[in-house]
S.K.: 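Dropping a structure here in structure tokens format, bear with me for questions.
From a predicted model like this one, the values you see are computed outputs, not experimental measurements.
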Amino acid sequence: MNNKTVYTPGPTNVSENVRQARSIKTTNPDIDLEFVEFYKDTCDEIGKVIGTKNDVYLLCGEGILGLEAACASLIEKGDRVLVIDNGIFGNGFKDFVSMYGGEVTLFSKNRKNCINVDELESFLEKDNDFKFATIVHCDTPTGVLNDLSTICPILKKYNILTVVDSVAAMFGEKILIDDWKVDIALGGSQKALSAHPGLTIVSLSEEAKASIKSRNTDIVGFYCNLSIWESYYKNKSFPYTMPISDIVSLRKALDNIIEEGIENVINRHAKIAKATRDALVEYGLKLFIEKGFSNTVTAIEIPSEIGSLNLINYILNKYNLVIGTSLGEYKNSILRLGHMGENARLEKIIYILNIIDLSLKDLGFNGNGSLVNLFNKHYK
């Protein structure tokens, strides 16, 4: 199990200094005030990287926890919620909304394209009585990227709170939470941050906190209740025992990004993603997305006579490499390249492209030349 090479759109590869940080001796996070300061400082540093002065929290749970917590904390029975849907995870928000008694209105569009802001504004001119709207920054199963810088301000113009799933984009794509008017932004430790799985990043605006406080009914549950974090720093006490080793290693992953510089990190992702897409197209494969390409995930359509499940099984058996297909209806038609975080390194993407090239040829697909040579031609 430990000898496999893994190249998936999360969990991503973890650098050696992050792995080592997770193994160091730690203190008791419930009673050691020094850890409270470490936690707060880590959250503040995350806020600087993602462009917010809002409160930032690290929750003990994988990124999905944040999506559910946002819905659980905001929704009262009968609240109307706009679910902006152009992907599997975009559509999936409706289940959390319904679970907590909200009334879902779907704004559903073609999954091959990013959301058209003019179409969204036309829709909102006719119907805008929503407590909040959900939007996925990068929808991981297909790699479509939505432009938060235009979508969220339009929603805020109609006094609609914005809840953004940026789990697969944060730290790999530009995000400016305050400038773009994002009320609740959600990230994960295991994607472009390249820390271990198990932590959710949440930033919470003052307007979102006010909405939660003004509820007429109690929030159902505890773990998904964002209001339990409001006074943790004042009281120097956490709502529950924090996974201190995970947080220590996350801080090291964050320090890696800060040391490289977030603009450099984003540019690294952009260069690798574009060269990868250009190489794949010239090679003779088709990209799933038509408009709105993510720089953290690329979805490739695999010829039906080969099938993506057959391809990944062949790669696993021959090269001991774990690579992912997509979800749902795309499970056997899409291969996903998760060039995010530590995966977005030249030595890693070149290795992966070479194996895909060799495997496709073994399975009967003859591309136009060498994928690696094509990548090198386009990488600049």
S.K.: Determine whether the side chains of T52 and N54 contain a donor N or O and an acceptor N or O closer than 3.5 Å.
M.R.: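 On atom types as modelled, these side chains qualify, holding a pair under 3.5 Å.
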
S.K.: So I350 and N376, do their side chains get closer than 4.5 Å, heavy atoms only?
M.R.: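 In short, these two side chains touch, coming nearer than 4.5 Å.
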
S.K.: Sequence neighbours left out, what passes salt bridge (charged side-chain N to carboxylate O under 4.0 Å, His left out) with E103? Give chain and number order.
M.R.: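 For E103 there are no salt bridge (charged side-chain N to carboxylate O under 4.0 Å, His left out) partners, ignoring immediate neighbours.
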
S.K.: Between R111 and D139, does any side-chain N to carboxylate O distance fall below 4.0 Å?
M.R.: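 D139 and R111: not salt-bridged.
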
S.K.: As a quick check of understanding, evaluate ring-ring contact (aromatic ring centres under 6.0 Å, His included) for F35 and F238, giving each step before the final call.
M.R.: CA-CA 10 Å; F35 176 72; F238 295 106; 5.7 Å; yes

S.K.: Quick one: do the N91 and K94 side chains pair a donor with an acceptor below 3.5 Å?
M.R.: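 Checked: N91/K94 side chains pair up, N/O donor to acceptor below 3.5 Å.
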
S.K.: How far apart are the C-alpha atoms of D95 and S98, what are their side-chain angles, what is the distance that settles it, and do they pass the side-chain hydrogen bond (donor to acceptor under 3.5 Å, both in side chains) test?
M.R.: CA-CA 5 Å; D95 299 326; S98 300; 5.8 Å; no

S.K.: Before giving the answer on salt bridge (Lys or Arg N to Asp or Glu O under 4.0 Å), spell out for E282 and K377 the whole-Å C-alpha distance, their side-chain angles and the decisive distance to 0.1 Å.
M.R.: CA-CA 11 Å; E282 188 170 348; K377 182 179 85 170; 2.6 Å; yes

S.K.: Using a strict 4.0 Å threshold on nitrogen-to-oxygen distance, state whether K40 and E37 make a salt bridge.
M.R.: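 No, no charged N to carboxylate O under 4.0 Å.
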
S.K.: Is there side-chain contact between S359 and Y319, with at least one heavy-atom pair below 4.5 Å?
M.R.: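 Contact flag for S359/Y319 side chains = yes.
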
S.K.: Is there a salt bridge (Lys or Arg N to Asp or Glu O under 4.0 Å) between D178 and K53? Walk through the geometry before answering.
M.R.: CA-CA 7 Å; D178 292 351; K53 294 180 180 177; over 6 Å; no

S.K.: If you measure only the distance, is there a donor-acceptor pair under 3.5 Å linking the side chains of Y100 and E68?
M.R.: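 Their side chains do contain a donor-acceptor pair, which is all the 3.5 Å distance test asks for.
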
S.K.: Using a 4.5 Å cut-off on heavy atoms from C-beta on, say whether the side chain of I219 contacts that of S227.
M.R.: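 They are in contact (side-chain heavy atoms under 4.5 Å apart), so the answer is yes.
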
S.K.: Using side-chain heavy atoms (C-beta onward) and a distance below 4.5 Å, is L250 in contact with L193?
M.R.: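 With C-beta onward as the side chain, the pair touches.
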
S.K.: Would you find more than 12 non-hydrogen atoms of other residues, nucleotides or ligands less than 6.0 Å from K181 atom NZ?
M.R.: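 Not buried by this count: 12 neighbours or fewer within 6.0 Å.
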
S.K.: Could you tell me which non-hydrogen atom of A273 sits nearest to which non-hydrogen atom of H339, and how far apart they are?
M.R.: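 The pair with the smallest heavy-atom distance is CB-CE1, 3.5 Å.
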
S.K.: Is there a ring-ring contact (aromatic ring centres under 6.0 Å, His included) between W229 and Y240? Walk through the geometry before answering.
M.R.: CA-CA 10 Å; W229 290 92; Y240 47 76; 5.5 Å; yes

S.K.: So with a 6.0 Å cut-off around NZ of K174, is the heavy-atom count from everything else above 12?
M.R.: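 No - once you tally the heavy atoms of other residues, nucleotides and ligands closer than 6.0 Å, there are 12 at most.
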
S.K.: Show the nearest heavy-atom pair for residues V182 and T162, with the distance to one decimal.
M.R.: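 What the structure gives for the nearest pair is CA-OG1, 3.2 Å.
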
S.K.: Do the side chain of D357 and the main chain of L353 share a donor and acceptor less than 3.5 angstrom apart?
M.R.: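 The answer is no, because no donor-acceptor pair under 3.5 Å joins these two groups.
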
S.K.: State which residue, out of L335, I352, I323, fulfils the side-chain contact (heavy atoms from CB on, under 4.5 Å) condition with I315.
M.R.: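 Per the side-chain contact (heavy atoms from CB on, under 4.5 Å) rule, the option paired with I315 is I323, out of L335, I352, I323.
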
S.K.: Is there a side-chain contact between D55 and K209 (heavy atoms, below 4.5 Å)?
M.R.: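 Yes. Closest side-chain heavy atoms under 4.5 Å.
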
S.K.: May I ask you to check if K361 and F365 form a cation-pi contact, with NZ or CZ under 6.0 angstrom from the six-membered ring centre and within 45° of the axis?
M.R.: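 No, K361 and F365 do not form such a contact.
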
S.K.: So does E259 have more than 12 non-hydrogen atoms from other groups sitting under 6.0 Å from CD?
M.R.: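 No, the 6.0 Å shell around CD holds no more than 12 heavy atoms from other groups.
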
S.K.: Answer yes or no: does atom CD of E305 have more than 12 heavy-atom neighbours from other residues, nucleotides or ligands under 6.0 Å?
M.R.: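 Above 12, so yes.
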
S.K.: Distance-only, no hydrogens or angles: does the S166 side chain make a donor-acceptor pair with backbone N or O of M170 under 3.5 Å?
M.R.: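 It does hold such a pair.
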
S.K.: Does NZ or CZ of K191 lie under 6.0 Å from the centre of the six-membered ring of F171, at an angle within 45° of the ring axis?
M.R.: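 No, a cation-pi geometry is absent between K191 and F171.
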
S.K.: Do the side chains of L74 and I212 get nearer than 4.5 Å, heavy atoms only?
M.R.: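 Sidechains of L74 and I212: in contact.
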
S.K.: State whether a side-chain donor-acceptor pair under 3.5 Å links Y379 with D278.
M.R.: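 Looking only at side-chain atoms, D278 and Y379 do not form any donor-acceptor pair under 3.5 Å.
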
S.K.: Is the NZ or CZ atom of K109 positioned over F107's six-membered ring, under 6.0 angstrom from the centre and within 45° of the axis?
M.R.: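 Judged by the rule, K109 and F107 form a cation-pi pair.
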
S.K.: Testing T105, N146, T134, L155 one by one against I84 for a side-chain contact (heavy atoms from CB on, under 4.5 Å), which residue passes?
M.R.: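 Answer after filtering T105, N146, T134, L155: L155.
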
S.K.: Above 12 or not: heavy atoms from other molecules or residues under 6.0 Å from NZ of K236?
M.R.: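 Yes - once you tally the heavy atoms of other residues, nucleotides and ligands closer than 6.0 Å, there are more than 12.
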
S.K.: Does this structure show an ion pair linking E260 with R268, if we count only N-O contacts that are shorter than 4.0 Å?
M.R.: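 Looking at E260 and R268, the cut-off is met.
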
S.K.: Under a 3.5 Å threshold, yes or no: a donor from one side chain and an acceptor from the other, between N343 and T12?
M.R.: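 The criterion, which ignores hydrogens and geometry beyond distance, is not satisfied for T12 and N343.
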
S.K.: Assess K112 against F288: is NZ or CZ under 6.0 Å from the centre of the six-membered ring, and within 45 degrees of the ring's axis?
M.R.: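 Here K112 passes the 6.0 Å and 45° test against F288.
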
S.K.: Do the rings of F123 and F130 sit parallel, tilted or perpendicular, given the 30° and 60° boundaries?
M.R.: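 Parallel.
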
S.K.: State, to 0.1 Å, how close S249 and H196 come at their nearest heavy-atom pair, and which atoms those are.
M.R.: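 Smallest interatomic distance, heavy atoms only, reads OG-ND1, 3.5 Å.
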
S.K.: Given S189, which of I247, L199, L58 fulfils the side-chain contact (heavy atoms from CB on, under 4.5 Å) condition?
M.R.: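 Among I247, L199, L58, the one that satisfies the side-chain contact (heavy atoms from CB on, under 4.5 Å) with S189 is L199.
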
S.K.: So, for A70 and L186, which heavy atoms are closest and what is the spacing to 0.1 Å?
M.R.: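 Scanning both residues, the minimum pair turns out to be CB-CD1, 4.4 Å.
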
S.K.: Tell me if the CG atom of D218 is crowded by more than 12 foreign heavy atoms within 6.0 Å.
M.R.: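 Open: at most 12 neighbouring heavy atoms sit under 6.0 Å from CG of D218.
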
S.K.: Show your reasoning for whether salt bridge (Lys or Arg N to Asp or Glu O under 4.0 Å) applies to E45 and R251.
M.R.: CA-CA 9 Å; E45 289 300 311; R251 178 56 184 264; 5.3 Å; no

S.K.: Would a 4.5 Å heavy-atom cut-off, applied to side chains only, mark I115 and I151 as touching?
M.R.: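 Answer yes - side chains close enough.
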
S.K.: Measure from the side-chain N and O atoms of E76 to the backbone N and O of N216, and report whether any donor-acceptor pair falls under 3.5 Å.
M.R.: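 At least one qualifying donor-acceptor pair exists.
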
S.K.: Kindly check if the number of other-residue, nucleotide or ligand heavy atoms within 6.0 Å of NZ (K348) is above 12?
M.R.: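 More than 12 heavy atoms, drawn from other residues, nucleotides or ligands, come within 6.0 Å of this atom.
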
S.K.: Which atoms form the tightest heavy-atom contact between K291 and V144, and what is the distance?
M.R.: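 Looking at all heavy atoms of both residues, the closest pair is O-CG2, 4.1 Å.
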
S.K.: Given 3.5 Å as the limit, does a donor-acceptor pair link the side chain of S205 with the main chain of A208, or not?
M.R.: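 Answer holds: yes.
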
S.K.: Minimum heavy-atom separation for S15 and N256, please, with both atom names.
M.R.: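 The answer is OG-ND2, 3.3 Å.
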
S.K.: Could you go through the ring-ring contact (aromatic ring centres under 6.0 Å, His included) check for Y232 and Y39 one step at a time?
M.R.: CA-CA 11 Å; Y232 90 88; Y39 175 94; 5.2 Å; yes

